[in-house]
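First up is the structure itself, then whatever we jot down about it.
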Amino acid sequence: MTMRTLFVALLLNTLMIFGASMTDTIISVAAYGAKGDGITDDGPAIQRALAAVSSNGGNARIVFEKKTYRIGKLSNGTLLDLRSLHDVRIDGNGAVFLNDPNNNLVALSRCTNVSVGGFTLECDPLSFSQGTIIAVNADEGTFDVELHRGYLNWAEALREKRIAGVSIGMIMQSDAPLRKKTPNAGDFVRLESSVTTAAGMVRVTLPETQRKQLIDTAPGDRFVVTFYYGGQGANFSMISCLSCEFHDITVYSAKFGMTFAVSKSLDRAVLRRIVIKRKPGTDRLLATPKDGMHCKENRVGPLIEDCWFEGLLDDSINVSVCPYWVKEIIDERTVMANAGPPLVGDRIMAYNPGREDLGYYRVVAVEPYQKPGKRSLWQKITFDKPVVDFDIQPSDNDFPGGPEKLKCTGLYNLDACGSGYIVRNCTFKEQRRFAILGRPSGTIENNLMESTGGSAMHLGNEIGSFYEGPMPQNLVIRGNTVRNVLSHAIVVFSSTMLREPLAHTILIESNSIESLYGNALRVSCASNVRITGNRITVNEKTPLDAAAVHLDNCRAVSMDANGITDPRTVGAAVTGSDTREQDMRKGENKFTLAGGTSAFALEPDPPAGLIMPKKPRYLAVQGSGLEEIPFAKSPYRQVFTFRGSVTRGSESVAAYEVHPPFAKEITSGSLFFGDRFDVADETALRFYAAKMNAQGDGVIVKLAFRASESERWKEVFSQKITEETWRQFEVDITPWQEKTVFYRFEVNSGANTAFDNAVVGGVQKLRK
């Protein structure tokens, strides 16, 4: 570069800097009448200052002083409502906002290059109340609460209509803020009624379905309840913005709603040096009644760094997207969906929880459609290729969740799911649920997580409720410290009712974990997982059935350079269910274990040459005293246990474990698993059985098939199995064009004194 070129570059840079400063108008809220005395309602004055900025399209800096600004109830519901503005900076300079809990504080919509920070938020009055439980009647479903001094009697407030309603309550340990009584206790309770019994005393009645939560509740436990004052939305929100940031904000108390909500961002939103915590010097049990940072449908995942989370009644961070549900198939490439809109070129994963990943598509056209009687727009979406095997969601329920959608096809927008989020250098303290609830790919590094009521990291898609997704693929968990959590410390998984390992490419590296309850690491339905350089210390309080590391239905796992210390006498430090020796590569790891504890306990490899089966699409239960259930209603447990009816359950990847019922309760009964495949050119089938456990009189395992749903069973194999070793069976067949093959587990009609169980799976087609 010549001297002339360098001079011109420096001159242009200087002109740009001075040009920016000359057009950057400084607007002081004091100039518009804001007092900052903590008494005057400064809301109208602050909104006049914002109006001056809005009239110019932005390009200004709004300046507060280090004072206390009281904000009364606003007619528009939001103090700083910035819409389609650019180049705006809001400098709090240490200001404190005493906000009416009906109001949102800051809302950014379609803004560019906006920075908001430098202040503290408090709600006055608080959006929660609290007290100490002094009496419990579990049979009646009631408990009495002595209110802490200065906190609202919500029973009277409801009667006098000073609050719009009660949300949820939580019963917590007497000596640990926001910690459930036991790990298996419910996360919260819903209140059926509340009445004042004496001055400062409220009697709470729970619905009958929740009264079992009072079994372990005792006088001295604490209770916190949240309520609505009205108003919608988050305390701070950012929607469809570009290059925007929240920074240096402290939240001591928030209104009911998300604390920070970031959605539809066009690039990486930044949340830096955000502090959410109970106000020092107070006895408050709570800081915010909902999520700390709720991040949905973002084109790029947010950067969250140097933040502090404490006293939350829900997740600290949630990064996810909900699916568009397919409402109608218009032609072979076009569907109608009830959300969006996606953009042309977006990558879509079509997914049905009751089956497996249905494939990936590109959007080539989007057309809005206003269905009569619906407030929200539907979208007519055309893909780059024909859709395959989509199941429509026919009801009028457009809400993202609901159990009826277990059989429906959801469309996950992979270009608007928050993929690539970064959470680093943050501290997570006592709170009710998960520190990080992450669905897509991301990086979680150098964080401290301790004393959370749920897992420090709960990373995977969810089915059955909100269906938040997608599943993690390309995930890095590095350099974090996790201590004293009331659940599994780090959980990574993909959730499908057919247990396909759809999570993949997971790196769990150089983390320090001291687990209190559950596994330190728990990975389920994932492949290409590397666990390296972690330090895990299990203590005596950890339940004996929780190994340090548990791998459920995992493929291509490597473990190396890890150190695991476990003083308990348990089966193994690393356990696996449907994770086999052939799926694991073991490097050099250091184990410090009690006597009788082995390093690894994985599933044995199946017989050589045996093909692992696909998951069945059919599940039925038949027999005296048994009810038939759709497969889609049994997604959650690995072992079926039933006595006259079937509890919720799920199959493993390559085999199915079944505990038949007591024969003394039913005379006979069968459980069927089926899968459809073509055996037109085969003359025999081979399958295998393993892990027989004949505590009673054995399990009759049968193999049957039929050519169509309307035909009867054709049984080709039947044998009682009682051994505990791998066994292989071959069955001659008569070729049909297409068959549905069933495994059938049948209770013997003799006296069965205990549960029998068997694992059976792996059909291989043979030509003799």
Side-chain angles (χ1 to χ4, degrees), residues 72-73 98-103 122-181 185-232 252-257 278-279 281-290 311-314 432 453:
K73 184 177 180 180
L98 293 180
N99 188 38
D100 184 285
N102 288 283
N103 304 328
E122 285 219 58
C123 275
D124 187 20
L126 298 173
S127 58
F128 68 93
S129 187
Q130 64 184 54
T132 299
I133 295 174
I134 60 172
V136 180
N137 187 329
D139 293 334
E140 297 294 329
T142 66
F143 58 92
D144 293 342
V145 180
E146 182 178 18
L147 297 174
H148 293 168
R149 179 174 297 180
Y151 290 89
L152 183 68
N153 182 327
W154 66 90
E156 294 304 303
L158 280 170
R159 186 176 60 82
E160 297 170 3
K161 298 183 179 181
R162 286 182 284 141
I163 58 177
V166 169
S167 173
I168 61 172
M170 181 179 175
I171 300 168
M172 63 188 69
Q173 299 174 18
S174 60
D175 58 349
L178 292 181
R179 290 287 290 263
K180 297 182 294 184
K181 280 285 291 182
D187 280 338
F188 58 85
V189 294
R190 296 195 180 279
L191 284 59
E192 182 176 280
S193 65
S194 300
V195 296
T196 302
T197 57
M201 299 285 188
V202 176
R203 175 164 294 169
V204 176
T205 301
L206 301 183
E208 188 172 350
T209 56
Q210 297 195 14
R211 293 179 183 180
K212 62 183 180 181
Q213 294 201 40
L214 297 182
I215 294 174
D216 294 322
T217 301
D221 292 341
R222 293 179 294 182
F223 182 69
V224 63
V225 61
T226 63
F227 32 81
Y228 309 100
Y229 274 97
Q232 301 294 323
Y252 286 143
S253 60
K255 58 163 279 189
F256 187 87
R278 294 182 293 270
K279 186 176 183 180
T282 71
D283 64 347
R284 294 179 188 173
L285 299 176
L286 195 63
T288 183
K290 296 192 77 174
L312 299 96
L313 207 55
D314 215 326
R432 179 177 70 91

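Everything numeric here is computed off the predicted structure, so don't read it as measured data.
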Separation between [atom1] of [X] and [atom2] of [Y], rounded to the nearest 0.5 Å:
X: I163; Y: F227; atom1: CD1; atom2: CZ; answer: 5.0 Å
X: N99; Y: K255; atom1: CG; atom2: NZ; answer: 8.5 Å
X: N153; Y: L147; atom1: CG; atom2: CG; answer: 5.5 Å
X: L158; Y: L191; atom1: CG; atom2: CG; answer: 9.0 Å
X: L285; Y: H148; atom1: CG; atom2: NE2; answer: 6.5 Å
X: I133; Y: R222; atom1: CD1; atom2: CZ; answer: 10.5 Å

Applying side chain to side chain contact (heavy atoms under 4.5 Å, CB included) between T226 and each of V166, L286, T288, report the one that passes.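 So the option named by the test is L286.
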Heavy-atom check, side chain of [X] versus side chain of [Y], under 4.5 Å:
X: D139; Y: N137; value: yes
X: I168; Y: L313; value: yes
X: S167; Y: F188; value: no
X: R432; Y: L312; value: no

What pairs with [X] under side-chain hydrogen bond (donor to acceptor under 3.5 Å, both in side chains), at least two apart in sequence or on another chain?
X: R211; result: none
X: Q210; result: none
X: Y151; result: D283

Residues K73, Y229; criterion side chain to side chain contact (heavy atoms under 4.5 Å, CB included); working and verdict: CA-CA 10 Å; K73 184 177 180 180; Y229 274 97; over 6 Å; no
Heavy atoms of other groups near [X] [atom1], more than 12 under 6.0 Å:
X: R162; atom1: CZ; result: yes
X: E160; atom1: CD; result: yes
X: Q232; atom1: CD; result: no

Give the minimum heavy-atom separation between [X] and [Y], together with the two atoms involved.
X: P101; Y: C123; value: CA-SG, 4.2 Å
X: V145; Y: G131; value: CG1-CA, 3.7 Å
X: G311; Y: R278; value: CA-NH1, 3.5 Å
X: P289; Y: G257; value: CG-N, 4.4 Å
X: P207; Y: R190; value: CD-O, 2.9 Å
X: D221; Y: S174; value: OD1-N, 4.0 Å

Check: [X] side chain, [Y] main-chain N or O, donor-acceptor pair, under 3.5 Å:
X: S127; Y: A254; result: yes
X: S129; Y: V225; result: no
X: T217; Y: Q213; result: yes
X: T205; Y: E192; result: no

Please walk me through it: do M172 and V224 pass side chain to side chain contact (heavy atoms under 4.5 Å, CB included)? CA-CA 8 Å; M172 63 188 69; V224 63; 3.4 Å; yes
Over 60° means perpendicular and under 30° means parallel, so classify the ring planes of F223 and W154, tilted if in between.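 The arrangement is tilted - the two ring planes meet at 30° to 60°.
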Walk me through it: do I171 and L214 pass the test side chain to side chain contact (heavy atoms under 4.5 Å, CB included)? CA-CA 9 Å; I171 300 168; L214 297 182; 3.8 Å; yes
